[in-house]
Amino acid sequence: MPGEVCGQHGLSLQGERGTDSALLASALLRLERASAHKRRLLRALTRAAARGPIAALAASAEGTLALWEESPLGRPELDPVWQEVAAANRALRGATPERLRRACTEWLPNPRIADRAAALLLDPHGILGCVAAEDAFLESRAACQRAFSPERAAAVARRTSDFAAALCAERKALRELMRTLRAAAPSQLEIRQYGFGEISRTIGLEGSPASPFGRPATRPAVVYKRLAPFPDAASAERYKAAYLEYNRRLRDEVGIAVPEFGCRALRRSDGRLVVYATQALVDPRSVAKELLLRASVEQAVILFRMVLAEYRKWIRYNREQAQFGFEIGLDGQIPNWALHRYEPGAELRGDEGLIYLDTNTPMMRHRGQDCLPIEFYLQATPRLLRPLLKPLARSILDRYFRPRTIVLDFLGNVSIHGRPDLVSPLLPLANAFLRDEVGDPDSPPIRPEEVRRYVGRDVATWRLTRSLRKIEDCVQGKSTPLATARDIYRIYTRPIF
């Protein structure tokens with residue numbers, strides 16, 4: 001940090017323009033921190049008990065060392081305070097007026113406010129003038145401290161009131177300057193990627209200071225899930241309506257909690273629309289996948305029971321809606337859940353509640369027809385595969401409407417994300433749930449070898465689709481053949497998570 005460098009090594013004001021601004025900011029921040037020391041000196045120099053010794057030193061050239069050390073000017077315990085004040089002043093006095101004025105212009109985009117800030121620094125009674133006057137006094141006091149003489153002590157004592165007045169003026173101007181800098185210094189937005197799925201990429205806009213005096217960096221309250229561009233406005237509107245309806249039904253009718261949601265569309269230069277599904281940001285530490293990575297078997301069982309309770313709501317809702325020919329799909333993998341009432345470091349009790357995160361793929365069917373064209377769900381696949389997969393897409397989507405496949409997918413996902421040891425203790429719960437909630441006598445219980453086969457197929461599919469995407473990028477000129485070969489090698493030789 002610039003302030004730490006300033007404190008440890010002093011301040012060098014040589015360098016490029018941007019370096020000047022950073023170092024000057026560091027000097028001002030250090031001067032602000034030294035205000036507490038200056039306030040202490042001001043109280044020590046102006047209180048009634050100090051006036052007598054200081055006046056005695058100023059009145060006569062016969063002042064003694066004992067009288068000097070009795071006054072706040074020479075009291076030994078105040079030496080560190082005097083030294084810190086002098087060091088903070090030196091950090092700022094190395095700047096030329098031109099550099100200070102230029103720094104104000106860089107920090108503050110509004111010319112009027114920048115001029116006011118420069119005036120607070122550079123006016124005859126501004127901060128720089130006050131600091132220069134203080135330093136002249138501090139140097140004479142330090143010289144007397146090193147080599148005491150009655151004449152020097154008298155000269156220092158006679159200038160004490162001027163030093164106190166400079167302290168008051170400088171502290172007042174510095175407070176106003178720092179308020180101006182913090183209120184008017186701009187903040188900038190930076191894009192942070194939180195993750196990516198098969199169809200979307202999740203980003204957030206984080207505020208961070210554009211100057212050293214900007215407000216502290218803030219985490220976004222909302223994340224944006226960016227989908228592939230839509231060819232026309234009608235397609236985008238159809239998606240937006242389906243997305244909002246899917247979230248509403250999950251929350252209000254199924255009873256599964258979802259983050260606050262919304263939808264926005266932006267038009268690209270080529271005329272196509274990019275849709276951003278918006279969600280309230282949950283604490284990344286509360287995501288179930290992160291909890292599972294370090295969970296004991298007992299904690300994992302509690303978490304799985306909570307997930308099964310959400311599956312139960314979904315199964316019963318679809319059963320009730322069957323008479324109307326309507327059903328909802330669910331992607332119930334472990335990364336798609338987060339704790340609603342998250343307490344960092346606390347043991348799970350089972351009553352924290354879960355939030356379902358993967359709501360940007362609206363899986364709804366009415367009388368067997370998907371709410372969105374099948375092409376939307378194929379966006380996750382490389383273009384090379386889409387003609388082959390389109391006839392199979394319906395059967396692929398079916399997995400998100402079948403309870404047994406969803407439970408199997410959850411167990412496989414637990415294994416893929418680094419906890420294969422949890423599959424065995426969770427299997428009895430899974431099979432008991434399927435038996436009690438689904439009750440299909442033709443559906444056999446899930447066995448460990450079935451989970452292993454499922455994981456193998458899932459990993460192989462993931463690697464194939466990623467490799468084909470890399471090849472597609474190479475064909476389109478987005479990547480070189482060598483880089484593509486290197487990427488594919490990594491896809492097949494490294495863990496997928």
Side-chain angles (χ1 to χ4, degrees), residues 197-198 246 249-250 253-256 288-289 292 300-337 354 356-359 361-371 374 377 380 389 392-417 419-462:
E198 297 298 331
Y246 184 62
R249 282 185 180 263
L250 283 172
E253 298 181 12
V254 183
I256 293 177
K289 182 191 74 172
L292 192 78
V301 166
I302 293 173
L303 182 59
F304 189 42
R305 288 186 188 278
M306 294 168 65
V307 173
L308 291 177
E310 302 303 309
Y311 290 169
R312 185 176 292 112
K313 298 175 186 177
W314 164 69
I315 291 170
R316 292 178 178 177
Y317 176 78
N318 277 349
R319 192 175 291 149
E320 293 167 359
Q321 292 295 312
Q323 59 180 317
F324 306 110
F326 183 81
E327 59 181 335
I328 275 182
L330 201 69
D331 186 358
Q333 294 183 354
I334 187 67
N336 294 337
W337 300 99
L354 289 175
Y356 179 60
L357 305 177
D358 191 19
T359 63
T361 308
M363 293 181 287
M364 298 183 291
R365 286 177 176 173
H366 185 245
R367 305 204 183 281
Q369 296 297 314
D370 290 295
C371 68
I374 206 69
Y377 303 102
L389 290 178
L392 304 173
R394 175 62 184 235
S395 61
I396 295 171
L397 277 175
D398 285 345
R399 63 190 286 186
Y400 300 109
F401 292 83
R402 294 173 179 163
R404 187 179 189 277
T405 309
I406 284 181
V407 173
L408 176 60
D409 189 43
F410 182 95
L411 295 172
N413 212 246
V414 165
S415 180
I416 289 171
H417 281 91
R419 293 304 303 269
D421 59 301
L422 295 177
V423 172
S424 293
L426 298 184
L427 263 178
L429 289 173
N431 286 321
F433 171 81
L434 292 173
R435 183 184 64 246
D436 296 341
E437 291 300 323
V438 181
D440 183 359
D442 298 325
S443 178
I446 299 172
R447 300 187 181 279
E449 55 270 21
E450 185 179 2
V451 177
R452 287 192 291 270
R453 287 196 301 271
Y454 187 90
V455 169
R457 288 195 302 270
D458 219 24
V459 171
T461 301
W462 187 92

Provide the closest heavy-atom pair for [X] versus [Y] in the form atom of the first, atom of the second, distance.
X	Y	value
Leu426	Phe304	O-CE2, 3.5 Å
Leu411	Ala430	CD1-CB, 4.0 Å
Ile328	Tyr246	CG2-CE1, 3.7 Å
Cys371	Pro362	SG-O, 3.4 Å
Glu450	Leu408	OE2-CD2, 3.7 Å
Pro428	Pro425	CD-O, 3.6 Å

Out of curiosity, [X] [atom1] to [Y] [atom2], how far, rounded to the nearest 0.5 Å?
X	Y	atom1	atom2	answer
Met363	Asp370	CE	CG	10.0 Å
Gln333	His417	CD	NE2	7.0 Å
Ile315	Arg402	CD1	CZ	14.0 Å
Asp458	Ile416	CG	CD1	4.5 Å
Thr359	Ile256	OG1	CD1	11.0 Å
Gln321	Glu327	CD	CD	10.5 Å

query = Which of parallel (below 30°), tilted (30 to 60°) and perpendicular (above 60°) describes His366 and Phe326?
reply =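 His366 vs Phe326 ring planes: tilted.
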Taking the side chain as every heavy atom from C-beta outward, state whether [X] and [Y] have any atom pair closer than 4.5 Å.
X	Y	result
Pro448	Arg452	yes
Asn413	Pro335	yes
Ile334	Leu303	yes
Leu434	Pro445	no

### Residues that Arg249 engages under salt bridge (Lys or Arg N to Asp or Glu O under 4.0 Å), provided they are two or more places apart
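Arg249 satisfies salt bridge (Lys or Arg N to Asp or Glu O under 4.0 Å) with Glu245, Glu253 only.
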| query | Who are the salt bridge (Lys or Arg N to Asp or Glu O under 4.0 Å) partners of Asp331, not counting sequence neighbours? | reply |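 If we apply the salt bridge (Lys or Arg N to Asp or Glu O under 4.0 Å) test to Asp331, skipping adjacent residues, there are no hits.
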Take Asn336 and Leu330 through the test side chain to side chain contact (heavy atoms under 4.5 Å, CB included) and record every step on the way to the result.
CA-CA 10 Å; Asn336 294 337; Leu330 201 69; over 6 Å; no
Can a donor-acceptor pair be found, under 3.5 Å and without considering hydrogens, that links the side chain of Trp337 to the backbone of Gly332?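 Yes; at least one donor-acceptor contact below 3.5 Å.
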Indicate yes or no for a side-chain donor-acceptor contact from Arg404 to the backbone of Pro444 under 3.5 Å, with no hydrogens or angles considered.
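A pair under 3.5 Å: yes.
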Got more than 12 heavy atoms from elsewhere within 6.0 Å of CZ, Arg399?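 Yes, enclosed.
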message = Does anything in residues 302-319 form a salt bridge (charged side-chain N to carboxylate O under 4.0 Å, His left out)? List the pairs, not counting sequence neighbours.
response =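 Pairs touching residues 302-319 that pass the test: Glu310-Lys313, Arg312-Glu437, Arg316-Glu437.
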- Query: Yes or no on side chain to side chain contact (heavy atoms under 4.5 Å, CB included) for Glu449 and Arg453, after CA distance, side-chain angles and deciding distance?
  - Reply: CA-CA 6 Å; Glu449 55 270 21; Arg453 287 196 301 271; 3.8 Å; yes
How about Asp409 and Tyr454: does a side-chain donor come under 3.5 Å of a side-chain acceptor?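 Side chains of Asp409 and Tyr454: pair found under 3.5 Å.
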Between Trp314 and Ile406, is a side chain to side chain contact (heavy atoms under 4.5 Å, CB included) present by the stated rule, with each step listed? CA-CA 11 Å; Trp314 164 69; Ile406 284 181; 3.2 Å; yes
Applying side chain to side chain contact (heavy atoms under 4.5 Å, CB included), run through Asn431 and Phe433 and close with a yes or a no.
CA-CA 5 Å; Asn431 286 321; Phe433 171 81; over 6 Å; no
